[in-house]
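Here's the structure, in structure tokens; my notes come after.
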Amino acid sequence: MKIQRSEDDLSTKLQDDAVNQSADNLSDEGQLEKSTLHYSWFVRTFGPMKKGSLRQSVIALMCAAMGSGMLSFPSNPVQSGLINCIVLMIICALLSRFSMYILMKCAFKYDQHSYAELVKFALGPSMQKFYSVDVICYTFGAIVCYQILFTQFVWQVLLKFNFDDSYQDQVRYIGGSIFMIINFPVSMMRDLYSLRYFTHLQILIIAYILVTIVIYFFINVSDNFEGDKIVYFDFNIQITSTFAATFFGFICHQLIFPIRSELKRSTFKRMSKIFNRAIFSEAIIYLTLMIFGYLSFFEKTEKIIIDNYDDVAFTIAKALFAFIMFFAVPINLNPSRLTVLQLINKEKSWKAYVITTVILQYTTGVIAMIYPNVKAIFGLLGGIFGMIMVIVLPCTLFITLELKEGKKWSDSNIIVTLIIGIVAGVAGFTGAIVSQIYS
């Protein structure tokens with residue numbers, strides 16, 4: 001009982017002294033009080049995550065970006081070279097961060113509270129509809145990927161139980177059909193709040209896979225490492241598809257406005273902290289996964305890295321990821337459906353709700369069965385629809401708003417933004433096309 005009372009007293013003291021204070025709050029002399037700093041760091045690091053906190057916001061943003069796409073990163077050096085892929089990873093991280101800076105700068109400056117509102121304010125209602133269509137296409141493609149990966153992971157688990165290789169196509173079609181039937185009632189749910197914990201489970205599973213891949217390298221590969229097999233540089237047209245697929249892993253911009261609205265003491269500075277921590281963490285995780293995954297198998301690296309492993313630890317990982325993919329479909333179908341209903345002005349129509357759900361659920365399922373090339377779809381999403389959402393539209397609206405304020409085309413900010421938008425956009429669009437040819 002003493003221990004319990006002590007913990008309660010400490011928790012109360014910490015919350016009284018720190019929870020409602022920011023670590024940057026200064027004392028009268030302009031310096032941080034030591035006790036406040038200590039408690040603030042302790043609470044923010046080890047205390048429970050609360051809605052609107054920096055830590056919860058960082059994790060939410062990372063969950064939106066990290067997922068199935070990262071499993072394809074270790075295969076990128078096979079076609080583009082390891083050093084090239086590391087450089088591309090850093091470039092994609094910087095582009096994503098640059099885009100966040102633009103969007104938040106404009107949002108705070110012009111008091112806009114959603115991406116769609118900002119697009120409408122800067123570019124007009126027609127471009128707002130274009131943005132909505134882009135979001136629908138992006139989430140539609142993501143749902144296709146989740147269903148492809150679900151059946152692939154289920155197939156890999158079945159192989160562990162000596163399933164006949166000749167039944168792979170049957171498992172894809174039958175398993176995909178069963179998936180659509182079972183998943184449909186979940187997708188019909190209007191309130192998916194109960195599924196919020198799956199995003200945290202997703203992070204845990206990704207951490208499990210990452211740690212297992214690193215351990216596998218040091219146990220099975222490091223002693224007989226063949227450094228001469230490493231491809232450091234490979235400059236060919238497929239480097240554009242590598243760029244597009246890598247860029248897919250840093251797309252989470254559809255969530256930055258909801259995070260801003262929930263964040264306590266929402267300021268540009270606090271939002272910048274969230275972006276910096278999320279992007280940096282994603283880049284470190286992606287680079288670690290790509291480097292150790294590639295160095296374990298070199299040219300034999302599969303398009304989805306965990307397909308290279310067949311031991312028990314990775315069989316468990318495949319089963320867990322299949323479980324996550326099952327719930328990733330309704331979680332992503334919900335905003336896509338809402339965008340469609342808003343676009344056709346049928347938000348309150350139950351009939352339109354059901355029809356939209358059926359169309360999204362079963363068209364994505366059929367495409368997943370007949371075109372199970374997940375890496376090509378990653379390239380398409382990152383190179384076209386993601387590129388429009390993350391680079392093209394933000395650069396366009398920023399330049400438009402700057403020009404409306406009287407700035408000239410010769411302004412350095414406008415020139416830099418224009419160059420980044422054109423170069424990244426052309427590279428992404430080219431990569432999306434190349435990915436369909438070579439993947």
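Everything numeric here is computed off the predicted structure, so don't read it as measured data.
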Of Lys407, Lys408, Lys105, the residue whose pairing with Glu402 passes salt bridge (Lys or Arg N to Asp or Glu O under 4.0 Å) = Lys407
Salt-bridged, Arg337 to Glu347, with N to O below 4.0 Å?
-> no
Min side-chain heavy-atom separation [X]-[Y] under 4.5 Å:
X      : Y      : value
Ile344 : Gln342 : no
Val358 : Tyr353 : no
Met271 : Leu263 : yes
Lys375 : Ile148 : no
Ile59  : Cys63  : yes
Phe250 : Tyr286 : yes
Phe429 : Val392 : yes

Please give me the minimum heavy-atom distance between [X] and [Y], naming the atom from each residue.
X      : Y      : answer
Ser80  : Ile239 : OG-CA, 3.6 Å
Cys92  : Thr246 : SG-CG2, 3.8 Å
Phe98  : Cys395 : CE2-SG, 4.1 Å
Val144 : Ile367 : CG1-CG2, 3.9 Å
Asp234 : Gln79  : OD2-O, 3.7 Å
Phe184 : Gln361 : CA-OE1, 3.6 Å

Without hydrogens or angle criteria, can the side chains of Thr139 and Ser336 be said to hold a donor-acceptor pair below 3.5 Å?
-> yes
Would you tell me whether Thr364 and Gln147 have side-chain atoms, one donor and one acceptor, within less than 3.5 Å of each other?
-> yes
Does the cation-pi check pass for Arg260 over Phe108, that is, NZ or CZ under 6.0 Å from the six-membered ring centre and within 45° of its axis?
-> yes
Phe150 ring center within less than 6.0 Å of Phe321 ring center = no
Give the intermediate values and the outcome of salt bridge (charged side-chain N to carboxylate O under 4.0 Å, His left out) for residues Lys109 and Glu405.
-> CA-CA 12 Å; Lys109 184 175 182 179; Glu405 287 202 342; 2.9 Å; yes
Give me the ring orientation class for [X] and [Y]: parallel if the planes are under 30° apart, tilted from 30 to 60°, perpendicular past 60°.
X      : Y      : result
Tyr110 : Phe121 : tilted
Phe326 : Phe179 : perpendicular
Phe225 : Phe298 : tilted

Test ring pair (Phe, Tyr, Trp, His ring centres under 6.0 Å) applied to Phe398 - qualifying residues, sequence neighbours left out = none
Is Ser435 reaching over with its side chain to a backbone N or O of Ala432, donor-acceptor style, under 3.5 angstrom?
-> yes
Spacing of CG belonging to Asn76 relative to CG belonging to Leu82, to within rounding of 0.5 Å | 10.5 Å
With ring-ring contact (aromatic ring centres under 6.0 Å, His included) as the test, would you mind laying out the steps for Tyr309 and Phe297 before giving the verdict?
-> CA-CA 10 Å; Tyr309 306 89; Phe297 300 99; 5.0 Å; yes
Go through the steps for Phe327 and Phe323 under the test ring-ring contact (aromatic ring centres under 6.0 Å, His included), then give the verdict.
-> CA-CA 7 Å; Phe327 289 100; Phe323 179 73; 5.2 Å; yes
